[in-house]
Amino acid sequence: MVTQTIDRERLVEEVGHGDHLCLAFDDDAEKRRVATRYTADGLIRGERVLYFADRSDPDTVREWLHAARIDVAGASARGQLRVVTADETYLAPGVFDPDTMVRRLRAEIGASLDAGYTGMRVTGEMDWALREVPGSERLREYETKVNEVFVGRPASAICHYDARLFGPDALAAFDDCHPRRVELTPLYSTSVLRIVPSFQEGQRTLRVSGSVDMQTADRLEEALRATRAWPGDVRIDMRDLEFIDLTGLRVLVRTADSLDDGRRLRVEHLPEMLCKVIHLAGLDRSPALIVTSSEEVMAR
């Protein structure tokens, strides 16, 4: 059975009061899925929802919320849903000031409760920070300070960071400012095996948990084929792997050998015993396959 490791990733439907999460994504459909579910859940729970748009036009946001059968007009008319731009919020003073924005969020939470709502949700596109607006260099300061706004309060937030626009170092830095990150849509998920794309240390990563054997090895291979479009090395996080047989190990070798010249398949956090099995079987002879145990990763 797949075990759920207590880590930083959380399903969007499990977001609750006090949460401040980072959504790193490289697919607009994924961002839309998360934002739609987050918004819909908030409205159903009687919370007030604020959407801060930037790259997406507010009317476009309203259209895809409406397409998901959310009563956008009704929620907007009664003040429960507001879709505004970053220029009207983060950058309203003409410069980005973390302290001003923190005060505004505190005030919005108070106003939401005074209006009879059960809490407040904020979800925002952070692309504006790449426009080199005055104060944008203080975004990490803001993301850190804003954690205190949500802790212990009936409010939550999801911040959107597009991996096609923010580089790995920036993604890693902003991710570190958030206590949690949103779990992306699994490529495969059963009670036996889960394969979930993720961004770890700003890098695209596959998290594999559960068991890989003759029955599920083809699912792993199918998921790995999707990573060929990723830039750079392919990283697999196997810290939650419970079992992998020779069939699964051979999938890793075949995938590594199929990568373009210079690219590597980096299998990380593999249990020490399985690292030894790979070595004894001679499967680590491929120069494109790099296998490291959790102990080796932590020692870096």
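Predicted model, so just to flag it, every value in this text is computed and none were measured. Just the heavy atoms: all of them, side chains too, but no hydrogens, waters or symmetry mates, feed the values below.
- Under the 3.5 Å distance criterion, with hydrogens and angles disregarded, a donor-acceptor pair is assigned to the side chains of His20 and Asn147.
- The line from CG of Leu206 to CD1 of Ile195 is 7.0 Å long, rounded to the nearest 0.5 Å.
- Listed here is the closest heavy atom pair of Arg264 and Leu259: C-CD1, 3.6 Å.
- Between Arg239 and Glu268, no side-chain nitrogen of the basic residue sits less than 4.0 Å from a carboxylate oxygen of the acidic one, so the salt-bridge criterion is not met.
- A donor and an acceptor atom, one from each side chain of Thr205 and Asp237, are nowhere located under 3.5 Å apart.
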Distance-only donor-acceptor hits, side chain of residues 244-255, under 3.5 Å, sequence neighbours excluded:
from: Asp245; atom 1: OD1; to: Thr247; atom 2: N; distance (Å): 3.1
from: Asp245; atom 1: OD1; to: Gly248; atom 2: N; distance (Å): 3.0
from: Asp245; atom 1: OD2; to: Met214; atom 2: N; distance (Å): 3.1
from: Arg254; atom 1: NE; to: Glu221; atom 2: OE2; distance (Å): 3.1
from: Arg254; atom 1: NH2; to: Glu221; atom 2: OE1; distance (Å): 3.0
from: Arg254; atom 1: NH2; to: Glu221; atom 2: OE2; distance (Å): 3.4
from: Thr255; atom 1: OG1; to: Val251; atom 2: O; distance (Å): 2.9

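- Transitive grouping of hydrophobic side chains (ILVMFWY, heavy atoms separated by less than 4.5 Å) brings Met120 and Tyr90 into a common cluster.
- Taking 4.0 Å as the cut-off between side-chain N and carboxylate O, Asp28 and Arg32 do not count as a salt-bridged pair.
- For Tyr38, the side-chain hydrogen bond (donor to acceptor under 3.5 Å, both in side chains) criterion is met by Ser156, not counting sequence neighbours.
- Using a cutoff of 4.0 Å between basic side-chain nitrogens and carboxylate oxygens, Glu272 and Lys276 are not scored as salt-bridged.
- No salt bridge links Arg140 with Glu143; every basic N to acidic carboxylate O contact stays at or beyond 4.0 Å.
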Residue pair Glu108, Arg82: steps toward the salt bridge (Lys or Arg N to Asp or Glu O under 4.0 Å) verdict:
CA-CA 12 Å; Glu108 293 283 8; Arg82 290 182 59 210; 3.6 Å; yes
Using a 3.5 Å cut-off and no angle test, enumerate the donor-acceptor pairs between side-chain atoms of residues 169-177 and protein atoms at least two apart in sequence or in another chain.
from: Asp175; atom 1: OD1; to: Arg181; atom 2: NE; distance (Å): 3.2
from: Asp175; atom 1: OD2; to: Arg8; atom 2: NH1; distance (Å): 2.8
from: Asp175; atom 1: OD2; to: Arg181; atom 2: NH2; distance (Å): 2.9

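- Under a cut-off of 6.0 angstrom, the local environment of CD in Glu137 is crowded, with over 12 non-hydrogen atoms contributed by other residues, nucleotides or ligands.
- No donor-acceptor contact under 3.5 angstrom links the side chains of Thr292 and Arg266, judged on distance only.
- Taking CZ from Arg103 and CG from Asp97, the interatomic distance works out to 6.5 Å, rounded to the nearest 0.5 Å.
- No side-chain heavy atom of Glu242 sits under 4.5 Å from any side-chain heavy atom of Pro271.
- For the atom pair Leu270 CG and Ser293 OG, the distance stands at 8.0 Å (nearest 0.5 Å).
- To the nearest 0.5 Å, the span separating CG on Leu193 from OG on Ser209 amounts to 7.0 Å.
- Members clustered with Val196: none, using a 4.5 Å side-chain heavy-atom cutoff among hydrophobic residues.
- Rounding to the nearest 0.5 Å places OG of Ser136 at 8.5 Å from CG of Leu91.
- A continuous path of hydrophobic side-chain contacts links Leu289 to Leu224 [ILVMFWY only; heavy atoms under 4.5 Å].
- The shortest distance between side-chain heavy atoms of Arg121 and Thr39 does not fall below 4.5 Å.
- At a cut-off of 3.5 Å, with distance as the only test, no side-chain donor of Ser112 or Glu47 sits close to an acceptor on the other residue.
- Distance check, rounded to the nearest 0.5 Å: CG of Leu65 to CG of Leu81 gives 6.5 Å.
- The closest side-chain heavy-atom distance from Phe150 to Asp19 is not below 4.5 Å.
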Donor-acceptor contacts, no H, no angles, side chain residues 123-130, under 3.5 Å, sequence neighbours left out:
from: Thr123; atom 1: OG1; to: Ile158; atom 2: O; distance (Å): 3.3
from: Thr123; atom 1: OG1; to: His160; atom 2: NE2; distance (Å): 2.6
from: Glu125; atom 1: OE1; to: Asp54; atom 2: N; distance (Å): 2.7
from: Glu125; atom 1: OE1; to: Arg55; atom 2: N; distance (Å): 3.0
from: Glu125; atom 1: OE1; to: Ser56; atom 2: N; distance (Å): 3.0
from: Glu125; atom 1: OE2; to: Lys31; atom 2: NZ; distance (Å): 2.6
from: Glu125; atom 1: OE2; to: Tyr51; atom 2: OH; distance (Å): 2.7
from: Glu125; atom 1: OE2; to: Ser56; atom 2: OG; distance (Å): 2.8
from: Asp127; atom 1: OD2; to: Arg55; atom 2: NE; distance (Å): 3.2

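- Of the N and O atoms on the side chains of Arg194 and Ser189, at least one donor lies less than 3.5 Å from an acceptor on the other residue.
- Two residues are said to be in side-chain contact when any heavy atoms from C-beta on lie closer than 4.5 Å; Arg10 and Val182 fail this criterion.
- Salt bridge absent: Glu222 and Arg225 never bring a charged side-chain N and a carboxylate O closer than 4.0 Å.
- Among pairs with a residue in residues 61-76, those fulfilling side chain to side chain donor-acceptor pair (under 3.5 Å) read Asp59-Arg62, at least two apart in sequence or across chains.
- With ring centers used as reference points, Phe199 lies 6.0 Å or more from Phe25.
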